[in-house]
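Note that these values count all heavy atoms, side chains included, but never hydrogens, waters or copies made by symmetry.
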Amino acid sequence: MLAVIDTKEWLSQSGENPIQLCEHLVKYFKGNSPREIYDYLCLYGMYKPSIFNRNKEVNQLIELDYWSEVDKLYRSLRKKQKGPDIPVFIFPINQRETRMMEENKGKSGLAFYDKLFMFLSPNLEIIEIKALLTHEYHHVCRLKYLNKEEESMTLLDAMVLEGLAELSVKEECGEDQNASWTRFYSDDQLLKWYNEFIEPNKHITKRHPKYHELLFGLKGYPRMLGYAVGLYMVKQALPKCKHSLQSLEKLMSEEYCKYIPSES
């Protein structure tokens, strides 16, 4: 089975109607309709055809043919990580989503324990695509290791997931390929916010109204709060694990909390 699914063919046939395109994805999602799948993918960057230029993003991506390059990167990464073999789907990113284009540098992704999505814009360099694939595939490996139902994943689980993935990007691609949110705040700020916002809420799940607010920094919370604190947490644990990412990956989420220093 091809690791990178030929969504280029799907886009050529149904690019103007992404809901119809998502009929191909029904077998990868349990009990979800094409509309539900499309709406969910849109939250993470899936393109939305413009009424003025319906095929713009689709044609740009097809012409660039990222598929073969991603396939090579994926096979190399999977061999190195000794991770699971999962399908990888490539679609255009929503270029009209300004915040996503600026903060994520024109790329976005979504990972499950058994599949991975990449949303790409034109003019990305190979190292940028590799950084996204590295981040998302690390999620796949971590989710497989945690072996938890999505509904039971806590805020703490999600934060550690993001922190570990960015350490993986730094190790594989270099620090300059880390996401912009990794440089937003000082350690002192992150420690303060961990104690103030995260610690009392670390066990909430996605059904809790504060989950996404804290994770993404919405409704007055510092931007990308959960992501940034998650990276801070895994960095605090890194020296105790002999600066080995492989050792960090074997820790359960709750174990990271014991490495948080006392607030001065």
**Student:** Quick one: do E69 and K72 make a salt bridge, cutoff under 4.0 Å?
**Tutor:**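 Looking at E69 and K72, the cut-off is met.
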**Student:** Side chain of S152, backbone of E149: donor and acceptor closer than 3.5 Å?
**Tutor:**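 Yes; at least one donor-acceptor contact below 3.5 Å.
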**Student:** Give a yes or no answer on whether the side chain of N195 reaches the backbone of L191 with a donor-acceptor pair at less than 3.5 Å.
**Tutor:**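 Yes; judged by distance alone, with no hydrogens or angles, the pair exists.
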**Student:** Step by step, work out the salt bridge (charged side-chain N to carboxylate O under 4.0 Å, His left out) result for E150 and K206.
**Tutor:** CA-CA 9 Å; E150 185 177 355; K206 285 185 177 181; 2.8 Å; yes
**Student:** Please examine the side chains of Y194 and C257, heavy atoms only from C-beta on, and report whether any two atoms are closer than 4.5 Å.
**Tutor:**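 Answer yes - side chains close enough.
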**Student:** How long is the gap from CD1 on I37 to SG on C42, to the nearest 0.5 Å?
**Tutor:**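 It comes to 12.0 Å.
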**Student:** Is there a donor-acceptor pair closer than 3.5 Å between any side-chain N or O of S168 and the backbone N or O of L164?
**Tutor:**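 No, because the side chain of S168 does not come within donor-acceptor range (under 3.5 Å) of the backbone of L164.
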**Student:** What I want to check is whether the side chains of S14 and N17 have a donor and an acceptor closer together than 3.5 Å.
**Tutor:**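 Judged by distance alone, the side chains do not pair up.
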**Student:** I'd like to know if I260 and V160 are part of one continuous hydrophobic network [Ile/Leu/Val/Met/Phe/Trp/Tyr, side-chain heavy atoms within less than 4.5 Å].
**Tutor:**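 Shared cluster, yes.
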**Student:** Distance from Q236 atom CD to L190 atom CG, nearest 0.5 Å?
**Tutor:**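 So the gap between those two atoms works out to 9.0 Å.
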**Student:** Quick check on the hydrophobic clustering: are V234 and Y185 connected, directly or via other members, by side-chain heavy-atom contacts under 4.5 Å?
**Tutor:**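 Looking at the clustering, Y185 is in the same group as V234.
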**Student:** Using modelled atom types only, decide if a donor and an acceptor are shared between the side chain of N201 and the backbone of F197 within a distance under 3.5 Å.
**Tutor:**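 Pair found, side chain donor or acceptor close to backbone of F197.
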**Student:** Whether the Q13 and Q20 side chains hold a donor-acceptor pair (N or O, under 3.5 Å, no angle test) is what I'd like checked.
**Tutor:**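 No.
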**Student:** With side chain to side chain contact (heavy atoms under 4.5 Å, CB included) as the criterion, how do K170 and Q177 come out once you've worked through the C-alpha distance, each side chain's angles and the decisive distance to 0.1 Å?
**Tutor:** CA-CA 7 Å; K170 180 181 178 181; Q177 291 303 316; over 6 Å; no
**Student:** Can you find a pair of side-chain heavy atoms, one from L11 and one from L21, that are under 4.5 Å apart?
**Tutor:**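 Side-chain contact under 4.5 Å: yes.
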**Student:** Parallel, tilted or perpendicular, judged at 30° and 60°: which one describes the rings of Y44 and Y40?
**Tutor:**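 Taking Y40 first and then Y44, their aromatic rings sit tilted (interplane angle of 30° to 60°).
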**Student:** Looking at every heavy atom in both P49 and R96, which two are closest together, and how far apart are they?
**Tutor:**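 Reported closest heavy-atom pair: C-NH2, 3.9 Å.
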**Student:** Might you point out which heavy atoms bring D65 and S68 nearest each other, and give the distance in Å?
**Tutor:**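 Nearest pair, atom of D65 first, then S68: O-OG, 3.9 Å.
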**Student:** With no hydrogens and no angle check, is any side-chain donor or acceptor of Y47 less than 3.5 Å from a backbone partner on G15?
**Tutor:**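 Answer holds: yes.
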**Student:** Going by heavy atoms in the side chains, are W10 and L25 under 4.5 Å from each other?
**Tutor:**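 Yes, side chains in contact.
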**Student:** May I ask you to check whether over 12 heavy atoms, not counting those of Q189, lie within 6.0 Å of atom CD?
**Tutor:**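 Check passes, neighbour count above 12.
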**Student:** Show me the donor-acceptor pairs within less than 3.5 Å that the side chains of residues 109-125 make with the rest of the protein, sequence neighbours left out.
**Tutor:**
unit_1 : atom_1 : unit_2 : atom_2 : d
K115   : NZ     : Y28    : O      : 2.9
S121   : OG     : G106   : O      : 2.7

**Student:** Within a strict 4.5 Å, meaning less than it, do heavy atoms of the L156 and Y256 side chains meet?
**Tutor:**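 Side-chain contact under 4.5 Å: no.
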**Student:** Testing the 3.5 Å rule here: is there a donor-acceptor pair between the side chains of D85 and Y74?
**Tutor:**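 Yes, side-chain donor-acceptor contact under 3.5 Å.
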**Student:** Step by step, work out the salt bridge (charged side-chain N to carboxylate O under 4.0 Å, His left out) result for E128 and K105.
**Tutor:** CA-CA 9 Å; E128 294 176 297; K105 300 179 182 178; 5.9 Å; no
**Student:** If hydrophobic clusters are built by linking Ile, Leu, Val, Met, Phe, Trp and Tyr wherever their side-chain heavy atoms come under 4.5 Å apart, do I127 and W67 end up in the same one?
**Tutor:**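 Different hydrophobic clusters.
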**Student:** List the steps, then state whether salt bridge (charged side-chain N to carboxylate O under 4.0 Å, His left out) holds for D71 with R75.
**Tutor:** CA-CA 6 Å; D71 189 70; R75 292 178 187 281; 2.9 Å; yes
**Student:** Side chain of R223, backbone of G217: donor and acceptor closer than 3.5 Å?
**Tutor:**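 No; zero donor-acceptor contacts below 3.5 Å.
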**Student:** Report yes if the side chains of V229 and M159 come closer than 4.5 Å at any heavy-atom pair, otherwise no.
**Tutor:**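 Sidechains of M159 and V229: in contact.
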**Student:** Evaluate the side chain to side chain contact (heavy atoms under 4.5 Å, CB included) criterion for residues L155 and L214: first the C-alpha distance (whole Å), next the side-chain angles of each, then the deciding distance (0.1 Å), finally the verdict.
**Tutor:** CA-CA 8 Å; L155 176 63; L214 290 166; 3.8 Å; yes
**Student:** Kindly say whether the aromatic ring centers of W193 and Y221 come within a distance under 6.0 Å.
**Tutor:**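 No, the ring centres sit 6.0 Å or more apart.
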**Student:** I need the minimum non-hydrogen distance between S108 and L132, along with the two atoms involved.
**Tutor:**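 Where S108 meets L132 most closely, the heavy atoms are O-CD2, 3.3 Å.
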**Student:** Let me confirm one number: the NE2-CD1 distance from H212 to I204, rounded to the nearest 0.5 Å.
**Tutor:**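 That separation rounds to 10.0 Å.
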**Student:** Hey, are the side chains of K48 and Y38 touching, using non-hydrogen atoms and a 4.5 Å cut-off?
**Tutor:**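 Touching, per the 4.5 Å side-chain cut-off.
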**Student:** Are the side chains of N32 and V26 in contact, using a 4.5 Å heavy-atom criterion?
**Tutor:**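 Of all side-chain heavy-atom pairs linking N32 with V26, none is under 4.5 Å.
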**Student:** So, the side chain of E255 versus the backbone of M252: is there a donor-acceptor pair under 3.5 Å, distance only?
**Tutor:**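 A pair under 3.5 Å: yes.
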**Student:** Work out which heavy atom in E162 is nearest to a heavy atom in W181; give both atom names and the distance.
**Tutor:**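 Looking at all heavy atoms of both residues, the closest pair is O-CH2, 4.2 Å.
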**Student:** Look at atom CZ of R183 and say whether more than 12 heavy atoms of other residues, nucleotides or ligands are closer to it than 6.0 Å.
**Tutor:**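 Correct, the count exceeds 12.
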**Student:** R142 side chain to E249 main-chain N or O, any donor-acceptor pair under 3.5 Å?
**Tutor:**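 Checked: pair present.
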**Student:** Any side-chain donor-acceptor pair under 3.5 Å between H138 and E166?
**Tutor:**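 The answer is no; no qualifying pair exists.
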**Student:** Please give me the minimum heavy-atom distance between D157 and K148, naming the atom from each residue.
**Tutor:**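 Nearest pair, atom of D157 first, then K148: OD2-NZ, 2.5 Å.
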**Student:** If you take all heavy atoms of Y137 and Q81, which pair is closest and at what distance?
**Tutor:**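 Heavy-atom minimum between the residues: CE2-CB, 4.1 Å.
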**Student:** Should Y227 and V169 be regarded as members of a common hydrophobic cluster, given that ILVMFWY residues are connected when their side-chain heavy atoms come within less than 4.5 Å of each other, either directly or indirectly?
**Tutor:**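 No, it is not one cluster - the side chains of Y227 and V169 are not joined through contacts under 4.5 Å.
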**Student:** With a 4.5 Å cut-off on side-chain heavy atoms, are K130 and L73 touching?
**Tutor:**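 Result yes, sub-4.5 Å side-chain heavy-atom pair found.
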